[in-house]
S.K.: 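Here's a structure for you.
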Amino acid sequence: MTNQMLPFHRPEITDDDVHSVVETLRSGWLTTGPKVKRFEEDFAKYLGCRHAVAVNSGTAALHLALDAIGIKEGDDVIVPTMTFAATAEVVLYFRANPVLVDCRPDTLNLDPKQIENAITPRTKAIIPVHFGGQPCDMDPILELARRYNLKVIEDAAHALPASYHGKKVGTIGDITCFSFYATKTITTGEGGMATTENPEWAKRMRMMSLHGISLDAWDRYTDKGSWYYEIIHPGYKYNLTDIAAALGIEQLKRCDRFWEARRRIASHFHEAFADLPEVGVPACMADIQHAWHLYVIQLNIGRLKINRQDFIKALKGQNIGTSVHFIPLHLHPFYRDKFSHQPENFPQASAVFERIVSLPIYPTMTEADVRDVIVAVRKLVLEYRR
Ligand SMILES: Cc1ncc(COP(=O)(O)O)c(C=O)c1O
């Protein structure tokens with residue numbers, strides 16, 4: 001057993017990251033300015049998308065995306081139940097309805113068949129979440145969107161870098177939203193990005209991210225600065241700082257290397273658990289690139305004398321930090337009570353929730369760390385197998 005706790009996540013912060021942030025601090029320009037512009041340009045180039053709008057969280061990106069496509073009070077927006085709070089709460093910001101949909105039991109992604117059942121005349125958009133970094137099956141989702149005239153806003157908080165049938169996530173749906181929260185595949189501490197091919201939506205998101213002030217007034221954040229500005233709409237305060245962008249620029253340069261490291265850890269885990277019927281490893285679809293933000297195992301509880309909670313506790317006892325992604329939204333008091341959701345309305349997510357454990361997977365893990373996780377999981381499985 002490792003004698004030091006292996007945390008569930010630890011970001012890689014290099015001297016280049018520190019230098020870039022310090023240089024920005026010393027530049028005298030702290031808020032949105034040249035570093036944000038450069039981060040947006042680098043990000044758009046990296047993905048090959050037309051527009052990238054930097055904001056101060058993934059949640060802000062989702063909110064602005066729904067605003068840009070014109071979500072209104074009373075609209076329905078389809079959201080997976082197997083997601084984080086942010087995906088559904090942004091729908092409620094508009095007094096619109098997040099219509100929860102069950103997941104597939106293998107990838108834990110949205111099930112396109114279930115989406116169609118949830119579509120009503122009020123449905124305006126679908127928010128597929130690329131769970132753990134594995135892209136959803138986008139072809140049938142885009143086909144449904146075409147057929148029912150819906151917009152597709154991808155929640156790609158986990159999915160950098162990922163691709164689906166050769167297309168990078170960030171260039172597929174109408175708007176794609178990324179997160180740079182501390183545990184994500186690249187980080188700015190807090191931060192997010194919305195990408196789109198549509199110049200009108202990009203313009204609207206940019207404007208609404210800074211108080212709905214006309215875009216010309218953004219010049220006051222450049223050398224052309226002027227005191228004059230016009231408020232076009234009541235907007236929000238979602239702009240990213242140059243301090244954060246300075247970190248993002250450096251992290252993005254290492255995005256492919258980070259991915260390679262996570263992919264390697266995932267394949268070690270796959271191999272190490274392949275002979276254990278008690279441990280289901282993540283299913284990986286054909287013709288996709290998985291970002292491997294998360295490595296979620298599914299315990300075969302029927303074959304174990306221990307439940308998921310106790311398994312997590314026992315792993316902690318072995319000094320291995322873990323997490324659970326996610327407690328499905330329909331089980332949270334707010335969603336359960338407001339929408340009268342019952343666990344049996346979402347049979348897959350409700351069942352899967354009892355089995356899932358997210359193992360550590362990040363580039364700062366050493367080979368010994370990866371081995372420690374494998375040894376601890378195997379030890380517990382052998383100890384508690386029926
Ligand atoms: C699936 C999903 N969507 C959205 C978000 C929100 O991102 P942020 O924390 O940057 O607002 C998260 C964040 O953790 C997430 O996991």
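Numbers here are sequence positions counted from 1. Counting starts at 1 for both ligands and their atoms, following the listed order. Model, not experiment: these values are computed from the prediction.
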S.K.: Can K253 be said to sit on top of Y46's aromatic six-ring, NZ or CZ under 6.0 Å from centre and within 45° of the ring axis?
M.R.: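 The answer is no, since K253 fails at least one limit relative to Y46.
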S.K.: Can you tell me how far the CG atom of D242 sits from the OG1 atom of T24, to the nearest 0.5 Å?
M.R.: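 OG1 of T24 is found 6.0 Å from CG of D242.
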S.K.: I'd like to know if R254 and E250 make a salt bridge, using a cut-off of under 4.0 Å between side-chain N and carboxylate O.
M.R.: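 No, this pair does not count.
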S.K.: Quick one: ligand 1 N/O to protein N/O pairs below 3.5 Å?
M.R.:
| unit_1 | atom_1 | unit_2 | atom_2 | d |
| --- | --- | --- | --- | --- |
| ligand 1 | 3 (N) | D155 | OD1 | 3.1 |
| ligand 1 | 3 (N) | D155 | OD2 | 2.6 |
| ligand 1 | 7 (O) | S179 | OG | 3.4 |
| ligand 1 | 10 (O) | G58 | N | 2.7 |
| ligand 1 | 10 (O) | S179 | OG | 2.7 |
| ligand 1 | 11 (O) | G58 | N | 3.3 |
| ligand 1 | 11 (O) | T59 | N | 2.9 |
| ligand 1 | 11 (O) | T59 | OG1 | 2.5 |
| ligand 1 | 14 (O) | K184 | NZ | 2.6 |
| ligand 1 | 16 (O) | H158 | NE2 | 2.9 |

S.K.: Please list, chain by chain and in numerical order, all residues satisfying side-chain hydrogen bond (donor to acceptor under 3.5 Å, both in side chains) with E260, sequence neighbours excluded.
M.R.: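 Expected list: R263.
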S.K.: Describe, in one word, how the ring planes of H341 and F346 are oriented to each other, choosing from parallel (under 30°), tilted (30 to 60°) and perpendicular (over 60°).
M.R.: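 Correct class here is perpendicular.
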S.K.: Determine whether V129 and I141 fall in the same hydrophobic cluster, where Ile, Leu, Val, Met, Phe, Trp and Tyr are linked whenever their side-chain heavy atoms lie under 4.5 Å apart.
M.R.: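 Looking at the clustering, I141 is in a separate group from V129.
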